[in-house]
Amino acid sequence: MVKPSPPQVSANVDKRRLLAHYRNMCRVRAFEETALEALEEGLVPGPLHLSIGQEAVASGVCANLARDDILLSTHRGHGHTLMKGASPLAMMRELLGREGGCCGGKGGSMHIADFSVGMLGANGVVGANILIATGAAHAIKLKGESRVAVCIFGDGAINRGPFLEGLNWAKIFALPVLFFCEDNQFAATTRSCAVSAGPGPSARARSFGIQSVTVNGNDVLEVDAIVRDTLASVRAGQGPRFIHALTYRLAGHTATDTAGYRDGDEVAERWRQDPIARAAAMLVDAGMAASELEDMNDEAGLAMRAVLDEARASPWPEDRHTHTHVQDTHGPGLVGGD
Amino acid sequence: MVKPSPPQVSANVDKRRLLAHYRNMCRVRAFEETALEALEEGLVPGPLHLSIGQEAVASGVCANLARDDILLSTHRGHGHTLMKGASPLAMMRELLGREGGCCGGKGGSMHIADFSVGMLGANGVVGANILIATGAAHAIKLKGESRVAVCIFGDGAINRGPFLEGLNWAKIFALPVLFFCEDNQFAATTRSCAVSAGPGPSARARSFGIQSVTVNGNDVLEVDAIVRDTLASVRAGQGPRFIHALTYRLAGHTATDTAGYRDGDEVAERWRQDPIARAAAMLVDAGMAASELEDMNDEAGLAMRAVLDEARASPWPEDRHTHTHVQDTHGPGLVGGD
Amino acid sequence: MPISTYLEAGKAALAEEMRRDGTVWALGEDLGRGGVFGQYAGLADLFGTERIVDAPISEAAIMGTAVGAAMTGTRPVVEMRFSDFALCAIDELVNQAAKARYMFGGQTRVPLVAREPVGMWRSSAAQHSQSLESWYTHIPGLVVVMPSTPADNKGLLKTAIRSDDPVVYMEHKDLWGLQGEVPEGEHLVAFGSARVVRAGTDVSIVSWSKTVHTASEAAAELAGHGIDAEIIDLRTLWPWDQETVSASVVKTGRLLVAHEAVGVSGFGAEIVAAICEQHFESLRAAPQRVTAPRVPIAYSPPLEDCVRVTAARIVEAARRLMSER
Amino acid sequence: MPISTYLEAGKAALAEEMRRDGTVWALGEDLGRGGVFGQYAGLADLFGTERIVDAPISEAAIMGTAVGAAMTGTRPVVEMRFSDFALCAIDELVNQAAKARYMFGGQTRVPLVAREPVGMWRSSAAQHSQSLESWYTHIPGLVVVMPSTPADNKGLLKTAIRSDDPVVYMEHKDLWGLQGEVPEGEHLVAFGSARVVRAGTDVSIVSWSKTVHTASEAAAELAGHGIDAEIIDLRTLWPWDQETVSASVVKTGRLLVAHEAVGVSGFGAEIVAAICEQHFESLRAAPQRVTAPRVPIAYSPPLEDCVRVTAARIVEAARRLMSER
Ligand SMILES: Cc1ncc(C[n+]2csc(CCOP(=O)(O)OP(=O)(O)O)c2C)c(N)n1
Ligand SMILES: Cc1ncc(C[n+]2csc(CCOP(=O)(O)OP(=O)(O)O)c2C)c(N)n1
Ligand SMILES: [Mg+2]
Ligand SMILES: [Mg+2]
């Protein structure tokens, strides 16, 4: 790992909480590194979008969500899904297209989801999750429930119509939803700033009367704290809120993108802000032994290797599942439900 | 006509310009009142959306457009089209679905257009014109032309995705386009304020880094002056601009909507701000004889009655036009172009 | 049985389902004032504005939030106003609603109804007159319903609201005022069960929505020519009742499909193809389609008339069919 | 003739047309870095970023601004990346581009090309694998092109760019790497002219896009069974070359249509219906369609394989066809 730049150690670091985040982030990183290895070995048939360098968002956001809170994610959603409580084995099986995958092998990485833990799906269409999350919040409000919905989307999504329509909707109905823009600076191979007019996502949110705050998305404690505060307001029925988190996509857009459109120095500099290394340094500062942290990281890696081994040994879905979960009424012949 | 409240007479009213606007607005009003009569007589087969009370926008905007400047309008576009230079006879024939209509009778009121004067169409889909105007501006820039595109849309359109996508696009490519929000307070039977979050259209425009100004859309000289200034900047290559004009839809949403969802007092109050009466009062203040203005108004009415008489005497389009203007290659049989 | 209009029957269906099930709600533009055709008149008073929701002009959001709300324990009834405007919400319907259950391996359901009024009505021109039902039949996951009578508009809408699958529910604008008997209370019409409007032995005329009435008119006229037409109202295009159509074609040996939509790649093509594949031996003459030509719909009434499916056109096609072989 | 890939042939077509006509330009996400499949690699260097335009993730704006720009004297080539994302721009394509000329009574033209890569490719699942060509054939005003070879991808794209009508241009993702001879320079393929890939006398197999290659494979195998199949590549679905297909069916008496898209309301239905209507007497057996079942496309390769049109499935259907009567 590249040596991190000296982090700002806050006086009252909640060491236990930070340590939990550190472990979480190691798990997310390990899951994705293992998935990448699996891809390189030819085990992952579809595309992988890795969130390496963005783990603080996944851990910081989900630390504040209860199981029945709802989360919507993007094509880059492994971290969010894992942190929301999905089983890494079910996820890995999904990436490999196997039976026992969280979507039965039918969705793959871009549609990873675990509804049992309130994770209502990654999405293959940029920005589509914004409306779905808003609608989930609408249902929550209609039913008088106290949970909230959170929608994580990228900096690229702010240029799609559903961003406007969803934010406007959430505000006029005062819905319990947190919009979280995970700004990793890139939309595929394009620098978002080159195609996004105006002062940024927060200004857009405010133009709908939605309060917004910008956070350092590589500082897991900051993300955690701001999300906690913000969700308190959302849970209190004060309507939608917006958070803009600045981070950086350390890997390519997909696992096979070498990202030759940006230079190595830029990436190296960004590696110095790696949220995991940053958290580790803070923990060392706070008295933890570096070796203990290393061990924890290794443990996460080993666990994910075991997950992969189990996943690769899993059978393929049965052919009949091509025809299940389509719809209850199948038309001619009216073959029944599934 | 209801007596207008005393208008603010500015010291340096350009009387000639105001008089021209007055005549313009009378023509627009007369065109629509005549069209309404035609509808009531059963001569207009499709829906009519009248802009009664909003004529200052049509006249104020178009006074600043050259023939080759481009204008995109909405379903409520009679005034814009007439002021851009379309022939009232061709327009009336179009409303009646007759041969010689500006769209050959194929479009009707919702698709009124006269490309020969740069009026690239009303649109049946709210907000769709925003992208078309932006694209026209893109073409203008690509070809290095000096003309501009103007898009007039309603307060309802700001809640559709294309509003975001078009404004963002126009700004990042620094296109010569003026976005003009003709805010008549209503989207069909709904008060726009009830379904539009945030401080308003201008705030949304500014969130894309686009300068915006709010004007009194019932004050034709104010609209005229602000549009003139704003277009100077757009013509100078300084990128898109936005104007938010406050006005009021005095009639129903369509000609058959009695607008029972708002009370009579409100409407009566708004009639007192009728832009035509307002202009007339200013002109009288500036020394014009009221009778001269009445005559001018009557003349507009008579002219439009003559237009209607000619239109109603026009033949229906020939049946073969059902099949013209579809596409060059017609598929099986490959019947040629048309 | 009480008489009611097609419009009122739809309203009754919605009201009954909203009374029965507190998770049913409706969202769309202007609903608080009854909706653009009055299909929701009075419902906001009955159920409150939390369940009869006034939406901004945001078709993508109307459909897209309904997807999320349907996944989260409610049954939204989406009002698209004109089916043409649903083209602003296609990703939400086709990429999201239709596929969610499958993509997520059965973890979720999207029980929404998208009401999309179709068809030519009062010279509304190219962007307010389309009938794109065949598109939706092509999309796995979607149910497609096209009621032709007041009774069906009640029975099918109730079934649609209870469906756990997303339903594209297409009412015909020109039928709003149509009167007919409508059963009170629990009247449910099953998906995939066609209605034989008129039994006949010579030619099977398959249709749906408004064109069913045109076909019935044609049948009366055909009777005068000594041709005994069987008229079948499909009611739902997906699932479609292939059994009833097949039985009819096996009996008559002649198939004619009539629909208002453009013929090319319209649902008539699917019916003709399916029947030809499966009952080729039973067919005594080439099947026929009576549909709109592949042109946009013009504003001017005489041009509109040129693309209209009329009883005369159906009669002509049926007579041609009878004269073959 | 020089050999080139399907991808390079498309790129050459665009480059040649951009050189020939200064009003041609392209817009889409990531084009400055070559586009998602590399179809635009190097073009920004050649033509500058004003003509190879990097767009935000705004499919509606990409298509919608292209409509306005096409009305204003330019010829935009719109890149939709995956045809699935074009579902975010359907109003712009179907309500605006396709209808503008007609609605406005011939006052304008919308010469845009919407490139929409289709098909199953590398387990991309339900939202990145669709083939919705039949939708566009149903829309008056649109041309629909589906090239199957490198040469056609050049010749058809050039024709599309020169077309004054809006064209939906669907390349198949799985063909990008396909090599073949490609004529240099002015190579134009007319719309509506099918290619007889293999002449045969027993059965007419109509197909397009990638499935043409599958059908050709099947023909080789069928030859081993003593069945002489004629393989027709439609190239363009609207206009489609009904003359060539008809002549073939009149000769063979047997029609089989094979396509990757869902069968229900797929374009195969239109072909079968049209041929049955017009050449019923020539048909010696029930026509057949080999298509995908009406299910979304799953991620897992074995499930994907279950919906794939294979040579084996075509062979089986053709043999069934031959055994009838
Ligand atoms: C509507 C739509 N357009 C294009 C794409 C292709 N695409 C997939 S990811 C991506 C970039 C998204 O950028 P951003 O929203 O910032 O998310 P990130 O990839 O950075 O996590 C694009 C363009 C898509 N999936 N959906
Ligand atoms: C996408 C779309 N949704 C709905 C409609 C139906 N509709 C026609 S006009 C209108 C109200 C538009 O309000 P606004 O934009 O303020 O324009 P105004 O009618 O006030 O001039 C609506 C909802 C439409 N034409 N297009
Ligand atoms: Mg990003
Ligand atoms: Mg308005």
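A, B, ... follow the sequence lines: proteins, then strands. Residue 1 opens every chain.
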Worksheet item: Where is the tightest heavy-atom contact between G141(D) and R294(C), given as atom of each residue plus distance?
Response: N-NH1, 3.9 Å

Fill in: Engaged part of A60(D) at the chain C interface, taking heavy atoms whose separation is under 4.5 Å
neither

Worksheet item: Parallel, tilted or perpendicular: which fits the ring planes of Y136(D) and W135(C), with parallel below 30° and perpendicular above 60°?
Response: perpendicular

Worksheet item: Side chain of E277(D), backbone of R289(C): donor and acceptor closer than 3.5 Å?
Response: yes

Worksheet item: Does some side-chain heavy atom of E270(C) sit less than 4.5 Å from a side-chain heavy atom of E270(D)?
Response: no

Fill in: A274(C) portion near chain D, given a 4.5 angstrom heavy-atom threshold
both

Worksheet entry | chain D interface, residue from P287(C), G266(C), S265(C), A273(C) that has the most non-hydrogen pairs under 4.5 Å | S265(C)

Worksheet entry | Test item: W240(C) and V264(D) side chains (from C-beta on) under 4.5 Å apart, heavy atoms | no

Worksheet item: Can you say whether S131(C) sits under 4.5 Å from chain D via the side chain, the backbone, both, or neither, judging by heavy atoms?
Response: backbone

Worksheet item: So, the side chain of H138(D) versus the backbone of S134(C): is there a donor-acceptor pair under 3.5 Å, distance only?
Response: no

Discussion item. Tell me if the CZ atom of R308(D) is crowded by more than 12 foreign heavy atoms within 6.0 Å.
Written reply: yes

Practice prompt. Taking the side chain as every heavy atom from C-beta outward, state whether Q130(C) and V94(D) have any atom pair closer than 4.5 Å.
Written response: yes

Worksheet item: Counting heavy-atom pairs under 4.5 Å to chain D, which of L132(C), I139(C), V295(C), I275(C) comes out on top?
Response: I139(C)

Practice prompt. Measure the shortest side-chain to side-chain distance between M103(D) and Y299(C) over non-hydrogen atoms and say whether it is less than 4.5 angstrom.
Written response: no

Worksheet, complete the sentence: Heaviest contributor of heavy-atom pairs below 4.5 Å to chain C, chosen from I271(D), L93(D), T137(D), is T137(D)

Worksheet item: Looking at F280(C) versus F280(D), is the centre-to-centre ring distance below 6.0 Å?
Response: yes

Practice prompt. Answer with side chain, backbone, both or neither: which region of Q288(C) has an atom nearer than 4.5 Å to a non-hydrogen atom of chain D?
Written response: backbone

Item to complete: Please round to the nearest 0.5 Å and tell me the distance separating atom CG of D91(C) and atom CD of Q127(D).
Response: 7.0 Å

Item to complete: Please state whether the side chain, the backbone, both or neither of A298(D) comes within less than 4.5 Å of a heavy atom of chain C.
Response: both

Practice prompt. Look at A126(C), C276(C), P296(C), G263(C) and state which one has the largest set of heavy-atom pairs under 4.5 Å with chain D.
Written response: P296(C)

Item to complete: Report yes or no: does D84(C) contribute a side-chain atom to a donor-acceptor pair with the main-chain N or O of N95(D) at less than 3.5 Å?
Response: no

